[in-house]
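Have a look at the structure below, then the notes.
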Amino acid sequence: MNALPPDRSEQRTGLVLCGGGARGAYEAGVISYLRHELEAELGRSLSIPIIAGTSVGAINACHMATHAHVMSAQPGLLIERWKSLQVQEVLKFGVPDVLRMARELMGRPTAEAHRHGGLVDPRALENVVMTGTHWPSLGRNIRSGLLEGLALSATEVATGRTIVFIQQHGGGLPSWTPEPNIHVVSARIGPRHALASAAIPLLFPPVQMGRRLFVDGGLRMNMPLSPALRMGATRVIVVSLRYMPPAKAEAPAHDQDDAQGEETYYATAPFLMGKTLNALMLDSTDQDLGRLRAINAMLEAGTKAYGAGFQTVMSEAVPRTGPAPFRYVRNILIRPSQNIGKLAAEYAASPTFSRRAKGLAGMALRRMVDRDSEESDLLSYLMFDGGFAEILIDLGRADARARRAEWVKFWSESPECAAEAAQWPAAA
């Protein structure tokens, strides 16, 4: 829902970072374009005071938040961290871990089950979260107002609910329409919140906070648009990590059997595991942005027909819970222009990866390349390697650069339509 607390009329930009494991390097490329290229072209710094992230997007979000006081350094430090990754360090496991996981799956928990609960040594992910992120700066940036708010989402194991952890300027929580599967918590966000949000089930162990266990937030909220809007964003940048292939015409009826045969041919274990992970971490970007844009269109049509008071009338007429009125929200979506699963399969089979990847993790990923398919979604989630990260960073930067005209319009200091003009401070 396009919502904003009524006591804020300034324009605030929110950055929404989605989940997707190793695909998260793509987000660093988009941020690099904004800070290193677009800011120079526009001749001014681009303020992003509201940040919301899920899964690997939560890790990137925390990096952005802890460096809000040095915005120009945000992309360089983030890119440096991604390029320094080595898959054998992040996916650190050995034969004992594989045997332990097998025993646990057969219902025979080991003495270490409560500490692990995943295939990979949890210390590896902890190192990724801690490296390059100066956590004490987070609270200072929020208290000083450099950052309006940060939101991370995780999935509570016991209930399956999405828990949204929010830390915002002035404390407390934003107004929030009650939702049965979402619980909002005011928190002093730290490393464990980021670890919980990024803990892909089976791969990484659940993270305990208090008496509760949490896993990857992308299982229920892979695109945290709502938290950004609730914290006061009037325009949002959404970075999705899901490639959407061009729409194809439906196959004729007489070709259905051939299509099903091809699907069976590709139904190998790595292929199915990757598609299952895609399904679990369902990216609702198109549905959520579709609703937002539908409300925008309604507000624009109503404002043109009935004047600037239309938004107020609608907010009063439609039954609501909470004080937030309908708002026009400027938005832009950046998503991969290439199939990241295919890029992962090509990289895993390359000499570069053979030279970089050592140990059991490297061997496992190389063997994961499916000879029956030219893509591997599973690999794209697990390829925490600096060489692959560099490919995705370049892709993110190029995809953002290709939308230059939309960026210029997005960052314009003039209202882009009548509905937006009606809610700007001058109009008020």
Side-chain angles (χ1 to χ4, degrees), residues 3-5 7-8 10 12-19 27 31 47-71 74 77-78 126 128-130 132-156 161-177 179 182-199 207-210 212 214-218 220-234 236-239 322 324:
L4 179 73
D7 59 338
R8 291 182 178 179
E10 314 95 281
R12 285 177 167 82
T13 300
L15 176 63
V16 178
L17 300 176
C18 300
E27 296 171 342
I31 295 165
S47 175
I48 304 177
I50 296 169
I51 306 174
T54 291
S55 190
V56 72
I59 296 177
N60 288 338
C62 289
H63 175 91
M64 293 284 290
T66 56
H67 292 88
H69 59 296
V70 283
M71 292 189 297
Q74 286 172 330
L77 294 171
L78 188 58
E126 292 171 7
V128 171
V129 169
M130 295 301 297
T133 303
H134 190 246
W135 288 97
S137 297
L138 175 58
R140 289 197 294 267
N141 290 339
I142 291 179
R143 287 191 300 271
S144 67
L146 287 172
L147 190 70
E148 285 291 332
L150 172 66
L152 308 183
S153 63
T155 303
E156 187 179 32
R161 296 184 304 175
T162 294
I163 308 298
V164 181
F165 301 101
I166 290 181
Q167 185 172 352
Q168 65 177 5
H169 182 65
L173 289 171
S175 62
W176 200 289
T177 304
E179 299 177 67
I182 297 178
H183 182 58
V184 189
V185 177
S186 177
R188 184 177 180 181
I189 292 176
R192 296 198 68 78
H193 297 92
L195 285 169
S197 185
V207 175
Q208 183 172 354
M209 289 187 285
R212 297 183 293 173
F214 298 90
V215 293
D216 200 303
R220 297 297 297 265
M221 183 186 282
N222 200 37
M223 202 271 283
L225 175 61
S226 182
L229 296 178
R230 299 297 183 182
M231 287 190 293
T234 57
V236 289
I237 301 166
V238 179
V239 185

Any chance you could lay out the side-chain contact (heavy atoms from CB on, under 4.5 Å) test for L138 and I142, step after step, and finish with the verdict?
CA-CA 6 Å; L138 175 58; I142 291 179; 3.9 Å; yes

Test of understanding: with salt bridge (Lys or Arg N to Asp or Glu O under 4.0 Å), list the residues that count as partners of R140, not counting sequence neighbours.
none

Donor-acceptor pair, distance only, cut-off 3.5 Å: does the side chain of [X] make one with the backbone of [Y]?
X: Q168; Y: E148; value: no
X: T66; Y: H63; value: yes
X: N141; Y: L147; value: no
X: D216; Y: A154; value: no

Point-to-point distance, once rounded to the nearest 0.5 Å, from [atom1] of [X] to [atom2] of [Y]:
X: I48; Y: L146; atom1: CD1; atom2: CG; value: 13.5 Å
X: L173; Y: F165; atom1: CG; atom2: CZ; value: 11.5 Å
X: S137; Y: H69; atom1: OG; atom2: NE2; value: 4.0 Å
X: N60; Y: L78; atom1: CG; atom2: CG; value: 5.0 Å

Hits for side chain to side chain contact (heavy atoms under 4.5 Å, CB included) against A58, two or more places apart or cross-chain, chain-then-number order -> L152, S197

Qualifying residues under side chain to side chain contact (heavy atoms under 4.5 Å, CB included), relative to V16, sequence neighbours excluded
M223, P224, L225, A228, V238

So, do [X] and [Y] sit near enough that their side-chain heavy atoms are less than 4.5 Å apart?
X: I163; Y: F214; result: yes
X: T13; Y: I50; result: no
X: M221; Y: P227; result: yes

For [X] and [Y], work out which heavy atoms get closest and say how close.
X: S144; Y: H169; answer: C-CE1, 4.5 Å
X: L17; Y: A61; answer: CD1-N, 3.7 Å
X: I59; Y: A198; answer: CD1-CB, 3.8 Å
X: R220; Y: T162; answer: CB-OG1, 2.8 Å
X: G218; Y: S55; answer: N-CB, 4.4 Å
X: A65; Y: L150; answer: CB-CD2, 4.0 Å

Let me check something: any side-chain donor-acceptor pairs from residues 182-196 under 3.5 Å, sequence neighbours excluded? List them with distances.
| from | atom 1 | to | atom 2 | distance (Å) |
| --- | --- | --- | --- | --- |
| R192 | NE | Q208 | O | 3.2 |
| R192 | NH2 | Q208 | O | 3.1 |
| H193 | ND1 | G190 | N | 3.0 |

With sequence neighbours excluded, what pairs up with T54 under the side chain to side chain donor-acceptor pair (under 3.5 Å) test?
S153

The criterion is side chain to side chain donor-acceptor pair (under 3.5 Å); which residues satisfy it with E156, sequence neighbours excluded?
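For E156, the residues satisfying side chain to side chain donor-acceptor pair (under 3.5 Å) (neighbours in sequence not counted) are T159, R161, R212.
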
